[in-house]
Amino acid sequence: MAILQYLLASVALVAPVVNGYKGFRTSLTLGDFKEQMEEREMRTALIHPRDTDLEKLYPAQTIQMPIDHFHNDSIYEPHTNETFLLRYWFDASHYQPGGPVIVLQGGETDGAGRLRYLQKGIVAQLSQATNGLGVIFEHRYYGESHPTDDFSTKNLRFLTTDQALADQAYFAQNAVFPGLEHLNLTSHNVPYIAYGGSYAGSVVAFLRKLYPDVYWGAIASSGVPEAIYDYWEYYEAARIYGPSECIEATQKLTHAIDNVLINHTDTEYPQRVKNIFGLGNITRNDDFANAIAQGIAGLQGLNWDPAVNSTEFGHYCGNISSTEVLYPGIAEREEEAKELLAVGGYDEVKLVNQLLNYIGYVDATAVKGCKRRGKSQDDCFTNYDSKFYQQDDITQEWRLWAYQYCFEWGYLQTGSGVPADQLPLISRLINLEFTSTVCREAFNITTPSQVERINKHGGVNISYPRLAHVDGEWDPWRAASPHRIGLPGRESTVSEPFILIEKGVHHWDENGLFPNETRPGLPPKPVADVQKAEAEFVKAWVEEWHKARGTDV
């Protein structure tokens, strides 16, 4: 069975609940930030039970880390000589003398959320294969690794990729592991291998190139080393690899709605479009366009691992692809749907029912969700609230990744950037002005992201000995990776592995299962094959390190 069929096999056409994907995302809106804050409050209120809690199995350790590694760079003025406690976790259960230290860069989230990779994912697999010691390394500012007392824009000046790279190099040169103090397990004495997925994949790729004497090798999984300000290509993976009926319907319905919202602004029709979706109380047209565009963004959430797989993309496509009306209560809007489609330039019969199913999907996932929260539709869906954006105390974790992409990474996902001869999958009203709202309102960043700060390292052409690039064929971030469609292919070698996971999505090699959790097809063969290959080339790298030093493995 094809991977996509396997992932979507149990997905119902009518989906009252959507499983949102919480991984690497940019172009976040106010609703996303508010959701992050609500989730933070829920985490704080939870009592952490059970001896099997991963944070109890792997107690957090800390290292005193310089806040400012670059006293000659004016962007960090005023400079400081102070340090902060940066967290890390480790597992030495596989370690034997001569083995490497495998360091997973935690990236743009709480490092504790990566502990499953230490227990049964890629870190555990590589550690077991190489007799290595596995580490999860928390990124500065995230989780509990706070260099400053608040997240004001001034105090976020130390939140750069360069500083994060220096953190990871400093760790390798100074690490001490409780219980193993009698061993010198720094990069001066043992090989260090870095692994990272997504943004963290880019970090470890740069780490290998900038600190080659500290990190002997690195695996960039779904790394995005090419920073792109207007990243309209995010939706290209869905357009190329998504179910054709779903993509065609999404393009045509988006185009029809845009034709109404953009070309009939002085008529009653924009309000009627919002009304038919049950979102008539959203004031702004761009907020409305964004509110109905969430389903198509769900491709990134597909994962072969049932524990983390999101069914959002399947729910959406199952609804919008059907030419049979799936929501009886919506059928009464048929005549209005026909008229609005005609105003939008379409008179296809099957598109009427697909629009009705689209309306039903939005009602089940967005409209009813807002009602349950007891808030107005503007409160639920607007991207504009200056008062909210000015909050900057230590609890405002939403500011962290937003600052990073506003300042230097970009990746604003637009519909407006799609070429004029191609129908977009999201509204052209979702433009740079809309997606950069947080940049202006929260950080007073009014110019494009400084992508040159990232692309100076080589972008999609980055290459270095013992630097592996592992990407997913269907990954929405592929266009920012060395596997970008249209680039010349590279030969995959032991020194520079270059692997594309067939029908894979976002860093699919990172997850793992216990032996009693596996079954035929789980993990899928392309994932099992790449994980086996990673173990083999990392073992070869470790052997090369020992050979270069004349030591025994």
Side-chain angles (χ1 to χ4, degrees), residues 23-30 32-33 36 70 73-77 107-109 139-142 151-166 196 198-203 205-206 210 220 222-236 286 290 297 300 383-384 389 392 396-418 426 428 430-462 476-482 484:
F24 180 62
R25 300 169 61 204
T26 54
S27 290
L28 297 168
T29 61
L30 183 61
D32 298 309
F33 300 136
Q36 288 180 27
F70 303 103
D73 193 330
S74 61
I75 72 166
Y76 303 114
E77 293 177 350
E108 73 290 4
T109 189
H139 194 293
R140 60 168 50 209
Y141 282 86
Y142 293 91
F151 295 149
S152 62
T153 303
K154 177 183 177 181
N155 278 343
L156 291 179
R157 69 187 184 278
F158 300 112
L159 179 52
T160 65
T161 304
D162 285 342
Q163 294 279 5
L165 288 163
S198 197
Y199 159 68
S202 308
V203 172
F206 302 156
L210 297 178
S222 291
V224 286
E226 181 90 19
I228 303 168
Y229 185 55
D230 186 346
Y231 189 56
W232 63 268
E233 294 99 328
Y234 179 83
Y235 293 94
E236 284 294 272
D286 52 3
N290 186 65
Q300 184 180 333
N383 195 31
Y384 302 89
Y389 287 123
D392 60 11
Q396 307 299 319
E397 297 170 349
W398 60 269
R399 293 177 65 86
L400 301 177
W401 179 234
Y403 176 80
Q404 286 195 259
Y405 70 72
C406 287
F407 177 59
E408 59 185 1
W409 281 91
Y411 295 139
L412 302 184
Q413 297 153 25
T414 70
S416 60
V418 176
I426 63 172
R428 291 189 184 275
I430 303 175
N431 54 25
L432 290 173
E433 181 74 12
F434 179 83
T435 54
S436 65
T437 299
V438 63
C439 305
R440 298 187 304 276
E441 293 285 323
F443 313 115
N444 196 31
I445 295 176
T446 59
T447 55
S449 309
Q450 298 179 39
V451 297
E452 66 279 0
R453 291 179 53 83
I454 303 303
N455 295 335
K456 65 185 178 184
H457 302 308
V460 294
N461 296 310
I462 188 170
W477 294 99
R478 182 178 172 184
S481 82
R484 175 193 288 173

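The chain is numbered in sequence order, starting from 1. No hydrogens, no waters, no symmetry mates; every other heavy atom, side chains included, goes into these values. In this text the structure is predicted, and so the values were computed from the model without any measurement.
Using a distance-only test at 3.5 Å, with no hydrogens or angles considered, a donor-acceptor pair links the side chain of Arg157 to the main chain of Lys154. Of the possible polar contacts, none joining the Asn431 side chain to the Gly415 backbone as a donor-acceptor pair under 3.5 Å is found. Judged by distance alone, with hydrogens and angles left aside, the side-chain atoms of Ser449 form a donor-acceptor pair with the main-chain N or O of Cys406 at under 3.5 Å. In this structure a side-chain-to-backbone donor-acceptor pair under 3.5 Å is present from Thr160 to Gln163. For Arg478 (side chain) and Arg484 (main-chain N/O), no donor-acceptor pair under 3.5 Å exists by modelled atom type.
In this model, a donor atom of one side chain and an acceptor atom of the other lie less than 3.5 Å apart for Asp230 and Thr414. Checking Glu397 against Tyr142 by side-chain atom types alone, no donor-acceptor pair falls below 3.5 Å. Side-chain contact check for Arg399 and Thr153: at least one donor-acceptor pair (N or O, by modelled atom type) lies under 3.5 Å. Thr161 and Glu408 share a donor-acceptor pair across their side chains, judged by distance under 3.5 Å alone.
Among all heavy-atom pairs drawn from Ile462 and Ala205, the shortest one is CD1-O, 4.0 Å. Closest of all the heavy-atom pairs between Trp409 and Ala227 is O-CB, 3.5 Å. Nearest heavy-atom pair across Phe70 and Ala166 is CZ-CB, 3.9 Å. Between Val224 and Ser202, the closest heavy-atom pair is N-OG, 2.7 Å. In terms of heavy atoms, Gln413 sits closest to Ile426 at O-CD1, 4.0 Å. Heavy atoms only, all atoms of each residue included: Ser436 and Tyr229 are closest at CB-OH, 4.1 Å.
The closest side-chain heavy-atom distance from Arg428 to Val418 is below 4.5 Å. Two residues are said to be in side-chain contact when any heavy atoms from C-beta on lie closer than 4.5 Å; Ile228 and Val451 fail this criterion. Proximity of Tyr389 to Thr437: side-chain heavy atoms (C-beta onward) are separated by under 4.5 Å at one or more points. With a 4.5 Å cut-off on side-chain heavy atoms, Asn383 and Asn290 do not count as touching. The shortest side-chain heavy-atom distance between Thr446 and Cys439 does not fall under the 4.5 Å cut-off. Put simply, the side chain of Arg453 reaches to within 4.5 Å of the side chain of Asp162, judged on heavy atoms.
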Query - Check against salt bridge (charged side-chain N to carboxylate O under 4.0 Å, His left out), Arg440 and Glu433 - result: CA-CA 10 Å; Arg440 298 187 304 276; Glu433 181 74 12; 3.6 Å; yes
Query - From CA spacing to verdict: side chain to side chain contact (heavy atoms under 4.5 Å, CB included), His139, Leu159 - result: CA-CA 9 Å; His139 194 293; Leu159 179 52; 3.9 Å; yes
Query raised in the report: Between Val460 and Ser481, is a side chain to side chain contact (heavy atoms under 4.5 Å, CB included) present by the stated rule, with each step listed?
Result: CA-CA 5 Å; Val460 294; Ser481 82; 5.7 Å; no
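The CD atom of Gln300 sits 8.5 Å away from atom OG of Ser222, with the distance rounded to the nearest 0.5 Å. Atom CD1 in Ile445 sits 10.5 Å away from atom OH in Tyr405 (nearest 0.5 Å). Leu432 contributes atom CG, which lies 5.5 Å from atom OG of Ser416 (distance to the nearest 0.5 angstrom). Taking OH of Tyr141 as the reference point, atom CG of Leu156 lies at 5.5 Å (rounded to 0.5 Å). Within the model, atoms CZ of Phe206 and NE2 of His457 stand 5.0 Å from one another, a figure rounded to the nearest 0.5 Å. To the nearest 0.5 Å, atom CZ of residue Phe407 and atom CD1 of residue Ile75 are 4.5 Å apart.
With sequence neighbours excluded, the residues satisfying side chain to side chain donor-acceptor pair (under 3.5 Å) with Asp286 are Arg284, Tyr384. In terms of the side chain to side chain donor-acceptor pair (under 3.5 Å) criterion, Asp392 has no residue partners (sequence neighbours excluded).
For the side chain to side chain contact (heavy atoms under 4.5 Å, CB included) with Trp398, the lone residue among Leu28, Val438, Asp32 that qualifies is Val438.
Using bins of under 30°, 30° to 60° and over 60° for the plane-to-plane angle, the ring pair Tyr199/Trp401 lands in the tilted bin. Ring geometry for Tyr411 versus Trp477: interplanar angle over 60°, hence perpendicular rather than tilted (30 to 60°).
Crowding of Lys456 atom NZ: a count of heavy atoms from other residues, nucleotides or ligands under 6.0 Å exceeding 12.
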